[in-house]
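Values below: every heavy atom of this structure, side chains too, minus hydrogens, waters and symmetry copies. In this chain, residues are counted from 1 in sequence order.
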Amino acid sequence: MTTPHDAVVLAGGAAQRLGGADKPGVRVGGRALLDRVLAACRGADRTVVVGDARPTVRSVRWTREDPPGGGPLAALDAGVREIGTGARAGVGPEVGPGGGDAGADVLLVLSADLPFLDEDTVHRLLGALADAPDAEAALLTDAGGRDQPLVAAYRVVPLRRELARIAEERGTLAGGPLRQLTGALRLTRVAAGPLASFDCDTWEDIATARARIREHGTVLDEWITAVKDELGIELDVDTGVLLDLARDAAHGVARPAAPLTTFLVGYAAARAGTEGGPEAVAEAARKAAALAQRWAAEQDEAG
């Protein structure tokens with residue numbers, strides 16, 4: 001079971017190395033970078049994005065750091081405060097005495113420029129923190145062993161404590177380095193997968209990310225995920241079953257039958273209702289594939 005948690009996504013940087021472009025809105029694989037990160041943290045009870053409000057794939061709360069462009073510490077503090085405001089207002093699945101609570105005990109903190117971040121990495125961070133009761137944060141480390149404090153899970157109480165300490169010592173959080181935060185916390189670390197910590201700071205990074213998602217081994221998964229996000233579908237399906245069906249329809253009937261048949265299978269599964277799930281897709285695909293094979297058998301007999 002995943003640890004209950006909230007999420008703060010930092011999306012308000014100046015993107016100087018992108019020429020001031022709207023980095024969270026830059027698309028990789030047809031999806032905005034921010035939307036890709038929001039998909040990875042969809043399990044959060046509450047999600048706050050620190051940045052300028054915009055349409056997103058799922059509902060979130062918005063806030064800005066003070067001053068805007070004040071850096072990651074100021075942005076993180078703004079996100080933490082907004083999570084608390086939402087909790088006290090009764091936003092979210094659990095409402096405590098007096099109309100609200102202080103939010104979850106664990107806060108997932110992510111930057112909005114991680115095109116390959118996935119739910120598995122999020123679960124690993126949450127699991128590492130849960131397995132280390134003395135730790136105050138679980139940080140992802142990249143291939144070079146460098147800590148990634150903006151791909152991390154924090155315990156909220158020590159996070160608030162250290163943000164308050166830094167603000168008191170410096171007089172402001174604006175322009176403060178993240179190492180002032182992480183250096184004061186007890187940490188556990190999680191090694192990143194091959195691409196989980198890849199971030200997009202330059203147009204060259206964007207071009208690399210766009211090329212990687214089109215690699216032969218991942219392009220179909222990327223495409224299906226993009227389509228599901230675009231259509232608001234969260235159903236997990238066996239793409240292999242659908243590809244086999246398309247092949248059988250193309251070979252046993254005619255090439256145009258492949259896309260038409262897979263559409264009809266999806267329509268039949270939708271008619272089964274939400275309770276059907278992936279099993280409804282698999283059953284409809286099995287029936288259609290069997291029909292295509294009977295067509296092929298008749299053709300073979302005629303031959």
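- Of the candidates Arg36, Lys228, Arg214, Arg210, Glu222 forms a salt bridge (Lys or Arg N to Asp or Glu O under 4.0 Å) with just one, namely Arg36.
- As a member of the Ile/Leu/Val/Met/Phe/Trp/Tyr network built from side-chain separations under 4.5 Å, Val157 groups with nothing else and remains a singleton.
- Separation of atoms CZ (Arg81) and CG (Asp66) is listed at 10.0 Å; rounding is to 0.5 Å.
- The OG1 atom of Thr188 sits 10.5 Å away from atom CG of Asp134, with the distance rounded to the nearest 0.5 Å.
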field: Worked check of side-chain contact (heavy atoms from CB on, under 4.5 Å) between Tyr154 and Leu139
entry: CA-CA 8 Å; Tyr154 293 86; Leu139 270 58; 4.3 Å; yes
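- Ion pairing between a basic and an acidic side chain is recognised when a charged N comes within 4.0 Å of a carboxylate O; Asp142 and Arg146 show such pairing.
- A donor and an acceptor atom, one from each side chain of Thr47 and Arg58, are located under 3.5 Å apart.
- Under the 4.0 Å criterion applied to side-chain N and carboxylate O atoms, Arg155 and Asp105 are not assigned as salt-bridge partners.
- Within a 6.0 Å radius of CD in Glu204, no more than 12 heavy atoms belonging to other residues, nucleotides or ligands are found.
- Considering only heavy atoms from C-beta on, Val281 comes within 4.5 Å of Leu242 through its side chain.
- In terms of the salt bridge (Lys or Arg N to Asp or Glu O under 4.0 Å) criterion, residue partners of Arg54 (sequence neighbours excluded) are, by chain and number, Asp22.
- Between the side chain of Ser197 and the backbone N or O of Gly193, no donor-acceptor pair lies under 3.5 Å.
- Sorted by first and then second residue, the salt bridge (charged side-chain N to carboxylate O under 4.0 Å, His left out) pairs with a member in residues 112-130 read Lys23-Asp113, Arg42-Glu119; sequence neighbours excluded.
- Using a cut-off of 4.0 Å between Lys/Arg side-chain N and Asp/Glu carboxylate O, Arg186 and Glu136 are scored as salt-bridged.
- With respect to Arg165 and Glu162, a salt bridge is recorded, a charged nitrogen being found less than 4.0 Å from a carboxylate O.
- Residue Leu114 holds its CG atom at 8.5 Å from CG of Leu33, rounded to the nearest 0.5 Å.
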- request: Given side-chain contact (heavy atoms from CB on, under 4.5 Å), test Leu110 with Leu117 step by step and report yes or no.
  value: CA-CA 9 Å; Leu110 305 169; Leu117 184 70; 3.8 Å; yes
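- Here the shortest heavy-atom pairing between Asp45 and Pro4 reads OD2-CB, 4.0 Å.
- Inter-residue side-chain proximity for Val48 and Thr63 is flagged as met; some heavy-atom pair is nearer than 4.5 Å.
- For the pair Ala135 and Leu129, the tightest heavy-atom approach, listed with the atom from each and the gap, is O-CD1, 3.8 Å.
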message: What verdict does the side-chain contact (heavy atoms from CB on, under 4.5 Å) test give for His5 and Leu107, after you've listed the backbone C-alpha separation in whole Å, the side-chain angles of each residue and the deciding distance to 0.1 Å?
response: CA-CA 6 Å; His5 63 285; Leu107 183 67; over 6 Å; no
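- None of Val9, Asp6, Leu150 except one satisfies the side-chain contact (heavy atoms from CB on, under 4.5 Å) rule with Val109; the exception is Leu150.
- Across all non-hydrogen atoms, the minimal contact from Ala288 to Thr261 is CB-CG2, 3.9 Å.
- Here the CG atom belonging to Leu125 is positioned 12.5 Å from the CZ atom belonging to Arg189, to the nearest 0.5 angstrom.
- Here the shortest heavy-atom pairing between Thr3 and Leu126 reads OG1-O, 4.0 Å.
- The closest side-chain heavy-atom distance from Leu159 to Val80 is below 4.5 Å.
- Minimum heavy-atom separation, Ala226 to Gly29: CB-O, 3.8 Å.
- What you find for Phe198 and Pro115 is that their closest heavy atoms are O-CD, 3.4 Å.
- One finds the CG atom of Leu34 at 11.0 Å from the CG atom of Leu10 (value rounded to the nearest 0.5 Å).
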